[in-house]
Amino acid sequence: MEGSGFIIVCLAFITVSSNAQTPVPSRPSGYTYQHSLNPKVVVEVFYDHLCDGSAANFPVLLQVLNAYVDKDVSGIIHIFPLPYHHNAFFMQWAGTTVRLASSAKFINYTAAVFQNQDIFLTQAVNMTELQVKNTIAQFVETNVGIPADVILEGFQDTTLYYASVYDWKYAASRTITGTPQFIVNGVVVPDAQGYNFVQWKTFLDGLLGAKVPFHHNFNN
């Protein structure tokens, strides 16, 4: 990384069949961090737990969303494990189990993984699948407070497995190609992955203060 504004976007090369039906989830996909009953602005972010760009972006996102509590802004975090980040899907699967066990601890889990990515990357290169799952389970118990047995049971649960798969398919259906990526009010905002707090504030204040449905520079 060179400078705080430089974010690495981890590109995923994914082909999504136009004929394939994406499974419809029983409830909206993603983890809602700040909930507003009738938000004017919905910020959706797509992260990979083992992407360094996602890890670098996460503190900025939390700072922004915390600054807009009760200000008609909702934030939704989606996890999109990239195929070339070995063990990323296991991290998502464990995260699905964390959300089921204690939804409030998902942010703690995500933050802890972002701060310790190397445990599941370089240090896990020669691990078997079973060893990786055991490492994740012990990590969650130590850093998040959910018993390791709960996470290991989650790894045996096909319902949680498919929930994680469907979250991935959902992101692919939104044409997400890498992480971090942002969608604001249904529109992909490519530059947002590099925004700092001040840039986010300028952007969101413009949307919240707009007197018409579209925030547009009418000089262009």
Ile146 side, atom CD1; Asp149 side, atom CG - distance, nearest 0.5 Å: 12.5 Å
Centroid separation His78 to Tyr47 less than 6.0 Å: no
Donor on one side chain, acceptor on other, Asp48 and Ser54, under 3.5 Å: no
Sole candidate of Tyr109, Phe90, Phe120 that passes ring-ring contact (aromatic ring centres under 6.0 Å, His included) when paired with His49: Tyr109
Over 12 non-hydrogen atoms of neighbours within 6.0 angstrom of CZ in Phe197: yes
Trace of the side-chain hydrogen bond (donor to acceptor under 3.5 Å, both in side chains) decision for Tyr33 with Asn66: CA-CA 9 Å; Tyr33 179 66; Asn66 288 335; 2.9 Å; yes
Same apolar cluster (I L V M F W Y, side chains within < 4.5 Å links), Leu204/Ile76: no
Candidate list Tyr162, Phe155, Tyr166, test ring-ring contact (aromatic ring centres under 6.0 Å, His included), partner Trp93, passing option: Phe155
Heavy-atom pair of closest approach, residues Ser29 and Asp167: OG-OD1, 3.0 Å
Ring centroid separation Phe80 to Phe46 under 6.0 Å: no
Distance-only side-chain donor-acceptor flag, Tyr68 / Asp205, under 3.5 Å: yes
Distance-only polar pair, side chains of Thr96 and Gln92, donor-acceptor under 3.5 Å: no
Distance, nearest 0.5 Å, that separates CD1 of Ile151 from CD of Gln156: 12.5 Å
Linked, directly or transitively: Ile77 and Val42 (ILVMFWY side chains, under 4.5 Å): no
